[in-house]
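Step one of this worksheet: look at the structure below.
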Amino acid sequence: METVVSGIRSTGKLHLGNFYGAVKNFVQMQNEYNCYFFIADYHSLTTHPTPADLHSNVKQVLVEYLAAGIDPDKATIYVQSDVPEIAELYLYLNMNAYMGELERSTSFKDKVRAQPDNVNAGLLTYPVLMAADILIHKATKVPVGKDQEQHLEMSRTFGNRFNRLYKTEYFPEPFAFNFTEKLVKVPGLDGKGKMGKSEGEANAVYLSDEPEIIRKKVMRAVSDEGPNEENQQKPEPIQNLFDLMKIVSPTDTYDHFDSLYNTCAIRYGDFKKQLAEDMIVSMAPIRERIKEIASDETYLREVARFGAIKARESASKTIREVRQIIGFKSF
Ligand code: ADP
Ligand code: TRP
C-alpha cells in the first residue's frame, strides 16, 4: 500500500483554505492509504513562538484535525517534535542541500520579505525539513494545496540526490496529490490571492468561527459596483467570491448567482448572504466537534501518545537504514 504524509504548521487556527486545500483530502485518504498526518511544530519555530503559544497552537491543530474527521484508528496522527528521528534525517539531508537552490525557493523569498528582521537559517532550510518529514516514512503521496508544489519538487531533488550519492534506490519520489488531480487554491475575502493566516484576520474564515463572525467577514469581503455588461469577465475579487461559492454551496445555488451576474441582475448583498449561510452550514458539524474535543484532555493525550509510538516505529526503521547506507558503524 502506498504511503501518504502531510502536515500543517502549528501557527494557529485552521481556515477554509487549509481544510479544502489539505485536510479534507486527509480524511478521504485515510481509508485507502497508509497515512501519516502530523502537526508541524518544529516548522513553527522559524517564526519564534513563545513557549505558551507553542503548546496551545499544537493543541488547536490536533483538535481541528480530529474534528475534521481524521481518525486515529485509521491514520497515524502525531506531533512532529515527538519524532526526533525527523530532526536527524533533516541533518543528513542538509549536507546535500545547496545554498543556491534554497535561496531561490519562492517561499524563502516570501519569508525574507515578510520578516526581514528574522531571516534565520531554519527559514532557508525549511524545504529540507519538509523533505525529511516526507522521506522519513518513504511516502509517495502528499496531500497539500497548490502553493506547496515547489516544496515537493525540492523533496524529490533531495531524495534523488541522496540515492545518487550513495548509489541506492532507497527513497521513492513523493508527489503532491489529491483525488481530483487538480490542486486546490481557496481564495481569501480581501479581493486578492489565496486565503491564508498571514494575509490578515479579515481575509480568512476559520473552522472555529461562530456563525455571526462568518456573516460579518463575508459581508465585508471586497467586491465592486457590479457588472455593467452581460457575460463580462469577473474581476478578481468577484471571481474569488464565486470560487468560494463553488466550494461551499450546492451547484444550483452557484448557477443561479452566476446567471444573475451574467444578466447584470445580481445583488451582492443577497449573494454574500447566501455565501455566508452556506459556509456556516458546511462548517457546522466541524465547529461543534471542535468544542467537544477541545475539552477532552484525556482523549487528546491518548491520541498524541499512540500516534507518536506508531510514527516512531516507521521513522526509527528509516533512520537505522539511512545510517547504514551513509556508513555509520558502531565500535
Ligand atoms: P497558511 O498559508 O494559512 O499559513 P499553511 O501554509 O500552514 O497555511 O498551509 C497548510 C496547508 O494548507 C498546506 O497544505 C497548504 O497548501 C494548504 N493551504 C493553505 N492555504 C490554502 C489555500 N488558500 N488554498 C488551498 N490550500 C491551502
Ligand atoms: N510546508 C507545509 C505548509 O506550509 C507544511 C508541511 C511541513 C508539510 N512539512 C510537510 C506538508 C510535509 C506536507 C508534508 O503548509
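Whatever order the structure lists them in is the order used to number ligands and atoms, beginning at 1.
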Q. Going by atom types alone, do S10 and N57 pair a side-chain donor with an acceptor below 3.5 Å?
A. no
Q) Are Y92 and F328 close enough that their ring centers fall under 6.0 Å? A) yes
(Q) So, using ring-ring contact (aromatic ring centres under 6.0 Å, His included) as the criterion, who are the partners of Y166 when residues are at least two apart? (A) F162
Q | Any donor-acceptor N/O pair, Q232 side chain to E229 backbone, under 3.5 Å | A | yes
Q. Centres of the H137 and F37 rings: under 6.0 Å?
A. no
Q. Can you check whether N163's main-chain N or O pairs, donor with acceptor, with E169's side chain at less than 3.5 Å?
A. no
**Q.** Shell of residues surrounding ligand 1, defined by a 4.0 angstrom heavy-atom cut-off that is strict
**A.** I8, R9, H15, G17, N18, G21, A22, V144, G145, D147, Q148, V184, K185, V186, K194, M195, G196, K197
Q) Any side-chain donor paired with an acceptor under 3.5 Å for D224 and Y268? A) yes
(Q) Please output the residues near ligand 2 using a strict heavy-atom distance under 4.0 Å, listed in chain and residue-number order. (A) S6, G7, R9, F38, H43, Y126, M130, D133, I134, V142, V144, Q148
**Q.** Residues in side chain to side chain donor-acceptor pair (under 3.5 Å) contact with K217, at least two apart in sequence or another chain
**A.** D209
Q. How about F242 and F271: are their ring centroids closer than 6.0 Å?
A. yes
